[in-house]
Each structure stands twice: as C-alpha cells, then as structure tokens.
Amino acid sequence: MKIICIGRNYKAHVEELHNRLPENPIFFMKPETSLLPRHHPFYFPEFTKELHYECELVLKICRLGKHIDERFALGYVESIGIGIDFTARDLQRKCKEEGLPWEIAKAWDFSAPLGAFIRKEEFEDLKNISFSLQKNGETIQQGNSRDMIFSFSQIITYVSKFITLKQGDIIFTGTPEGVGPVKSGDLLEGYIFDQKCLKLKIM
Ligand code: MG
C-alpha cells in the first residue's frame, strides 16, 4: 500500500505558511513504514527540533483505479478517518530553500499516525465533514471538508492520472490552518464531528 498526501488544500493554511494557491492538487507520498500501529506510542524523532502536527481527513481506497472519472471517484472510497501528517518543519524549510524533495521532513518512520475510520455511508454529506484536533485538551485545529480547495473527488481524479490507486491505499487530504509544534508529553486527540477517532501521546 501507499500513502498519498495532498498539500496546500485549505486557503488559510496556504496563507499561514506563505505559499501560493495551487492550480492543481499538490501531492507527495509517504511509505508504508510511516504508519504507526494504532495504540502504539509515538516517539519524538531525534532529527528535528520543530515537529509540527497537521491534522487531516484521510480517505481509505477500496478498489483498483487509474484515470478515474470525477463522477465515479467517490465509489473508490471505503471510509474516512483522521490522520496526522507529522512534519519536521525545520527540515522541510531547508528542503524548500534548497529546492530539494521533502522526504526527510515528511516520510520518516511513524510520521503518519491514523485514527479509527468511519464508513463513507455513515456521513450525510461528504462536503460537510467537520473535524478538529485537540492538544492537551485545547482545540488547536478545526476544519471542514467544505473548505477544501480540491474536493475528495477532484483529488482522486487528479492523482489517478499519474498513479494507479489500489485497495488499501490512503490519501491524506490536506490540513486546515493552525499547524504548530508538539513536544514530549503532549497528548493529541482528533475528532470527526464529536466522535473521538484518534488519541496519541508524544513520548
Ligand atoms: Mg499535510
């Protein structure tokens, strides 16, 4: 399986990192080894001094597809959950400055913890999914799928022009504004509406 991550998909987040609004979805990938088994502790990596959370809605793909038509794109989604696209922001800044790829900032081991998934059919409206992240009990990020620059369908269509999607693949759909640092001892909790889907202790 593979993990595809969309960058710059919420206007306010694009602005907070002083980036330009994209004309097409921007994506990068994390390897399977970036998954953190559920209920496992997360250890602060030694190679960064600026570890940022990015709380995102995550799609789980349920069948093989290439060149997927936008009208049928949601048929490739089995369920939706919450994930953290952990980013070593200091390393990423350096990569950007030097025009280098982002992998050392984004694709390291356990950089993509996932929470529980909710079946697609349980949502009334996929264009109105509210989600949030709390750090030590305080809400630090709040988003809604209606504010995405590129919808779930548009993302699937665009990505599948280049890369075949397979059952079990994961797509991170971008983070809303409010990204920031974590340190050892912090507790992150992710919600879809008022359902707690993710709990992660930073060790
Ligand atoms: Mg992200």
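Counting starts at 1 for both ligands and their atoms, in listed order. All figures in this text were calculated on a predicted structure; none of them were measured in a lab. Counting begins at 1 with the first residue of the sequence.
- Salt bridge status for Arg93 with Asp90: absent, with no side-chain N to carboxylate O gap under 4.0 Å.
- Ring planes of Phe162 and Phe27: tilted class, angle from 30 to 60°.
- Around the Mg ion (ligand 1), the protein atoms of type N, O or S found under 2.8 Å away are Glu54 OE1, Glu56 OE2, Asp85 OD2, listed by chain and number.
- For the salt bridge (charged side-chain N to carboxylate O under 4.0 Å, His left out) test, no residue two or more places apart in sequence or in another chain qualifies with Lys166.
- Salt bridge annotation for Asp85-Lys106: present, with a cationic side-chain nitrogen under 4.0 angstrom from a carboxylate oxygen.
- Between the Ser145 side chain and the Ile129 main chain, a donor and an acceptor come within less than 3.5 Å of each other.
- Considering Lys199, Lys201, Lys196 in turn, Lys196 is the only one that fulfils the salt bridge (charged side-chain N to carboxylate O under 4.0 Å, His left out) rule with Glu189.
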